[in-house]
Amino acid sequence: MRKLLLLFLFILIFAEADAQFLKQLTFNNIRDAEVSMYKNRIVWSRGNGDFADIFLAENDTIRQLTYANGYNFLPEIGSKYIVWIRQNRGNSSLIYYDGFTERELDRNNNHFRAHTVENYIVWWKMKDASIENFTQHLMLFDGEKTQVIAQADRNNIIYYPQITGHGIMYVVCDSAYKKAKLGYHDFKEETIIDSINNGYFLPLYPYYSNFLAQRRVDKPLFLYHVTDKATQAAKIKFYAAGKLFELPDTLIYAMHSYNIVCDAGKDFLSILSHKRGNHWENPTFKIWRNNTLYTISEHPFTEVNNTTELYDISTFFSYTDSMQRSFLYVYQGGRLTQLASGYNFNYWPYQNFTGKSIAWAISSTNSYLQSEIFYYCGEDSCINAVPLQEFKAKIYYKMQAKQITVEIETPLAEKFRLEIYDLLGRKVAETNFVSLYGKFTFLFPTETIKQGMYLVKLQNPSKPAQQLTQKLFIPN
């Protein structure tokens, strides 16, 4: 009943959008969250408590990449790699997957989230957390070797690394957060591109800057705030094509307003504005293009200013109100459409490199332990994967291989027990195995079983409804 209500809720929300572009990729009562997207591939983390696993949706399939190997979380996908953090028995490992196998790239108890673009993976780690020997390293893996590209000690702190296919930007500030500098590394050498003596830098999308890079791989683009502590004024700057730019004064926020860049295209920025100290109540959606700031719509976003100069733009924005309800909108072809509302956007909805598709995790309740993955596609090529919702099983005998074959479809990874009985009720063989999400095949050899008719029982001890009994003739 809960799933039907949740689905009905989202059908109502999606009524204004083209239904062929909207998909729900999960149907569970657990936490599916931490979405990352590249082109028509989406990864996320699923699980609660001590275990979580990484899932990948691409084309017409959904695959489970990990199982029962600690808590796997914060995945990110690029053109070549999928990276995530794994916590297991008190250790944290940085894992990457190249499409065939997974490998451990680093092990440390203080990993910051890793980012990946093209052949590169960048991550931050604390090598020594003690006060006396505090050391931080900014690490880079180029597909062949790992190197330290920046480091700091207890007097300086490195944070917010962001990466494109052309370089890495990161912030270095003193321990008192009074002085800061903005570093840029082009995979060969470091350059300081900006500094401030009484303030701080805040890169926009410190976690999700990756999609900004992937949408314009022909030129590096980094967006960040620079805030003057003395005046409490801040400016939005961006670094692109080796040059530093500052947005016009109309986007400077002071004590009474706040502007955040929620998306960036090749020649535009989409901005959400609200009054400072008023949380996200009554925000205004704007677009900056060709040095002009256009007001598109004001909360509750029922009316849209038609601006023909912006009809070619495709962009998204989301916000959370004072009641912790989250809202997601798409602006395409001069129209503004609400895609979703609910609770708990886990981190930020994640766009692909064209800005026409987006994936997100959201819950119909305010429970952090329950959320589902949704996907909106505005492209010619979309993910057509359909999530499994029902248990199915088939048992048969392979004559040439002399094996019992068990084919299972299950919406969650499950532990199964296979038992074989003769017609007198005596158990002649048994085994346990795990079936991952999706279609799974288990093979059981029968060389030691005498020829005859048998009953083969498949059962899930924790879910009695998932069971099947099949009569088989074994011609050994």
Side-chain angles (χ1 to χ4, degrees), residues 34 36 38 41 43 45 54 56 65-66 69-130 133-173 181-193 203 205-214 217 220 222:
E34 299 170 357
S36 177
Y38 179 78
R41 304 167 71 208
V43 295
S45 174
I54 305 299
L56 168 67
L65 300 184
T66 65
N69 192 4
Y71 194 86
N72 299 274
F73 66 109
L74 293 179
E76 183 166 292
I77 187 171
S79 59
K80 184 174 182 179
Y81 300 119
I82 300 173
V83 297
W84 65 86
I85 305 298
R86 172 177 294 158
Q87 291 182 345
N88 194 1
R89 298 179 181 179
N91 294 317
S92 293
S93 298
L94 175 60
I95 307 297
Y96 75 96
Y97 176 76
D98 61 6
F100 301 97
T101 58
E102 70 168 55
R103 294 181 175 88
E104 183 182 74
L105 188 57
D106 198 0
R107 180 176 296 186
N108 189 280
N109 288 328
N110 298 284
H111 282 281
F112 194 70
R113 177 168 183 164
H115 297 291
T116 178
V117 171
E118 297 181 356
N119 295 331
Y120 301 107
I121 300 173
V122 64
W123 69 100
W124 168 99
K125 74 173 183 179
M126 198 180 300
K127 190 174 182 180
D128 191 330
S130 64
N133 302 310
F134 179 82
T135 306
Q136 289 176 309
H137 284 170
L138 187 59
M139 311 294 296
L140 174 70
F141 175 69
D142 62 5
E144 296 182 356
K145 62 181 183 301
T146 299
Q147 59 179 309
V148 178
I149 62 172
Q151 58 184 348
D153 54 29
R154 62 179 179 174
N155 297 316
N156 295 281
I157 301 173
I158 298 175
Y159 62 103
Y160 294 136
Q162 303 179 82
I163 184 173
T164 74
H166 297 264
I168 304 166
M169 189 182 78
Y170 49 93
V171 176
V172 180
C173 67
K181 62 181 181 179
L182 207 60
Y184 175 73
H185 197 287
D186 63 359
F187 306 125
K188 295 180 181 179
E189 59 183 1
E190 179 189 43
T191 302
I192 302 302
I193 61 176
Y205 289 110
Y207 290 103
Y208 288 93
S209 62
N210 191 22
F211 79 80
L212 298 178
Q214 292 170 350
V217 295
F222 299 102

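Atoms considered below: every heavy atom in the structure, side chains included; atoms not considered: hydrogens, waters and symmetry mates. For the single chain, residues carry numbers from 1 onward in sequence order.
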Original post:
Nearest 0.5 Å, what's the CD-CG distance between Q87 and N69?
Top reply: 12.5 Å

**OP:** Give, for atom CG of D142 and atom CD of Q147, the distance between the pair rounded to the nearest 0.5 Å.
**Re:** 6.5 Å

Original post:
Which heavy-atom pair separates I192 from G183 by the least distance, and what is that distance?
Top reply: CD1-CA, 4.2 Å

**OP:** Calculate, to the nearest 0.5 Å, the distance between atoms OG and CG belonging to S92 and D106 respectively.
**Re:** 10.5 Å

Subject >> Any L105 side-chain heavy atom under 4.5 Å of T146 side chain >> reply: yes

Original post:
So, the side chain of E34 versus the backbone of P75: is there a donor-acceptor pair under 3.5 Å, distance only?
Top reply: no

Subject >> Residue pair I85 / Y71, side-chain heavy-atom distance below 4.5 Å >> reply: no

Original post:
Of all heavy-atom pairs between E118 and Y81, which one has the smallest distance, and what is that distance?
Top reply: O-CD1, 4.1 Å

**OP:** Evaluate the side-chain proximity of H185 to L140: yes if any heavy-atom separation is below 4.5 Å, no if none is.
**Re:** no

Subject >> Inter-residue atom distance W84.CH2 - I95.CD1, 0.5 Å rounding >> reply: 6.5 Å

**OP:** Measure the spacing between CG of L56 and OG1 of T66 and express it to the nearest 0.5 Å.
**Re:** 11.5 Å

Subject >> Non-hydrogen side-chain atoms of V172 and Y170 separated by less than 4.5 Å >> reply: yes

Original post:
Is there side-chain contact between M139 and V148, with at least one heavy-atom pair below 4.5 Å?
Top reply: yes

Original post:
Is the shortest side-chain N to carboxylate O distance from E190 to K181 below 4.0 Å?
Top reply: no

Original post:
Does G70 offer a backbone N or O that forms a donor-acceptor pair with the side chain of R86 under 3.5 Å?
Top reply: no

Original post:
Which heavy atom of T116 sits nearest a heavy atom of G78, and at what distance?
Top reply: CG2-N, 3.7 Å

Subject >> Test item: R41 and I82 side chains (from C-beta on) under 4.5 Å apart, heavy atoms >> reply: yes

Subject >> Flag, side chain of N88 to backbone of N91, donor-acceptor distance under 3.5 Å >> reply: no

**OP:** Look up atom CD in Q136 and atom NZ in K125, then write down how far apart they are to the nearest 0.5 Å.
**Re:** 12.0 Å

Original post:
Can you check whether I168 reaches H115 side chain to side chain, under 4.5 Å on heavy atoms?
Top reply: no

Subject >> Under 3.5 Å: donor-acceptor pair, side chain of S45, backbone of N72 >> reply: yes

